[in-house]
Amino acid sequence: MTLPKTPSFRLDGKRALVAGASSGIGMACAVALAEAGAHVTFCARRADVLAEVVAGVQAEGYAADALALDVTDTDAVCAVFDAQAYDIVLNSAGLARHSAAVDTTEDDFDAVMNINVRAAYFLAQQAGKALMRAGKGGSIIQISSQMAHVGGIDRAVYCGTKHAVEGINKAMAIEFGPAGIRVNSICPTFILTPLTKPTFEDPVKRAWIDEKIKLPRVGEVEDIMGAAVFLASEASGMITGTSILVDGGWTAG
């Protein structure tokens with residue numbers, strides 16, 4: 001009898017690009033891909049912070065480099081992918097400006113849409129085009145949100161952007177599939193990072209989070225790392241056009 005063999009979770013020989021990699025979820029995912037054997041390009045706007053992060057990754061013996069990139073600059077994004085086709089592209093760049101729907105300003109609406117939808121769209125577009133030119137498959141991963149599947153108070157714009165990303169992913173997965181390019185998302189719940197710390201320190205908001213998350217703790221960046229490696233690797237080779245919810249049971253309720 002020939003037993004089946006589990007596809008590899010290793011990423012040796014792969015080139016990966018992670019946007020929003022200077023902190024939080026993006027940095028954690030970039031580290032996870034590097035630990036799995038990929039050569040990872042850490043991207044973000046803050047070159048000084050990137051340099052420090054990449055130095056730490058390299059000190060652990062992993063292959064990494066830094067690229068200062070504003071993902072809202074479409075010309076700059078095009079130039080990156082004109083120069084290199086990445087086997088794995090993970091986008092964690094994002095913005096949230098929460099308010100009641102009746103109080104949303106045009107400036108806030110445009111700012112959140114610009115990075116969460118427009119930039120995400122053209123980053124994935126260029127990643128796919130580069131892979132097609134190179135004649136090889138790959139994995140495109142968007143860091144979305146549990147709010148792509150539910151609504152939330154004071155989050156009309158943010159929820160709208162994340163719902164939009166899920167629709168974009170499904171359409172791109174259909175178009176890119178024949179080229180062997182997979183497009184998926186990871187949808188985290190509230191993850192404790194320096195950026196979300198004020199939310200967790202608000203007693204009312206913390207009570208809301210604790211009531212919604214069914215597991216007896218809040219999310220941490222480490223909870224996202226395994227999902228990133230899975231979607232980047234051949235272990236998820238038949239998965240495209242969908243999302244992995246890392247939400248502690250939030251949407252189950």
Side-chain angles (χ1 to χ4, degrees), residues 7-23 25-47 49-71 73-93 119-143 169 172-173 176-186 224-240:
S8 178
F9 287 80
R10 293 292 304 173
L11 302 174
D12 302 287
K14 301 293 186 182
R15 288 296 304 268
L17 180 145
V18 178
S22 60
S23 63
I25 291 173
M27 182 180 71
C29 289
V31 169
L33 300 181
E35 288 177 344
H39 181 127
V40 182
T41 297
F42 286 62
C43 296
R45 291 177 297 177
R46 298 178 295 173
V49 178
L50 273 179
E52 182 178 353
V53 171
V54 168
V57 174
Q58 292 172 337
E60 293 294 323
Y62 305 127
D65 56 63
L67 175 65
L69 177 68
D70 180 351
V71 292
D73 184 342
T74 306
D75 289 340
V77 169
C78 289
V80 168
F81 289 102
D82 283 343
Q84 172 79 47
Y86 291 88
D87 304 288
I88 303 153
V89 174
L90 186 147
N91 177 36
S92 185
Y121 185 98
F122 287 106
L123 185 72
Q125 177 205 64
Q126 292 302 310
K129 287 175 70 174
L131 286 168
M132 290 177 193
R133 286 194 301 267
K136 60 182 183 178
S139 177
I140 299 170
I141 306 164
Q142 299 279 6
I143 299 299
N169 277 5
M172 287 189 175
F176 296 176
I181 301 165
R182 300 182 294 110
V183 187
N184 294 290
S185 70
I186 299 170
I224 314 301
M225 295 169 77
V229 172
F230 174 64
L231 287 178
S233 73
E234 287 304 313
S236 63
M238 200 60 179
I239 298 177
T240 194

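The figures that follow rest on heavy atoms only: side chains count, while hydrogens, waters and symmetry mates do not.
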Please enumerate all residues that pass side chain to side chain donor-acceptor pair (under 3.5 Å) together with T74, with sequence neighbours excluded. R118
Minimum heavy-atom separation for [X] to [Y], with atom names?
X: A36; Y: V229; result: CB-CG1, 4.1 Å
X: A19; Y: V71; result: CB-CG1, 3.8 Å
X: V54; Y: A66; result: CG2-CB, 3.8 Å
X: A44; Y: A21; result: CB-N, 4.2 Å
X: L69; Y: V77; result: CD1-N, 4.2 Å
X: A34; Y: V57; result: CB-CG1, 4.2 Å

Please check: side-chain N/O of [X] versus main-chain N/O of [Y], any donor-acceptor pairing under 3.5 Å?
X: R182; Y: S236; answer: yes
X: S92; Y: I25; answer: no
X: D87; Y: R15; answer: yes

Sequence neighbours excluded and cut-off under 3.5 Å, please list the side-chain donor-acceptor pairs for residues 120-131, or say none.
none

Name all residues meeting the side-chain contact (heavy atoms from CB on, under 4.5 Å) criterion together with [X]; count only those two or more places apart in sequence or in a different chain, and write none if there are none.
X: A134; answer: A85, K136
X: A235; answer: F9, F230, S233
X: A232; answer: L11, L33, I88, I141

Would you say [X] and [Y] make side-chain contact, with heavy atoms under 4.5 Å?
X: Q142; Y: N169; answer: yes
X: T240; Y: F176; answer: no
X: I143; Y: C29; answer: yes

Interatomic distance, OG@S185 vs CG@L90, rounded to 0.5 Å, equals 10.5 Å
Restricting to pairs with a member in residues 50-69, which pass side-chain hydrogen bond (donor to acceptor under 3.5 Å, both in side chains), not counting sequence neighbours?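 Sorted pair list: H39-D65, T41-D65.
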With R45 as reference, evaluate D70, D73, L50 under the side-chain contact (heavy atoms from CB on, under 4.5 Å) test and give the passing residue.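 That would be D70.
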Quick one, E35 with V40, criterion side chain to side chain contact (heavy atoms under 4.5 Å, CB included). Give me CA distance, side-chain angles, the key distance, then yes/no. CA-CA 10 Å; E35 288 177 344; V40 182; over 6 Å; no
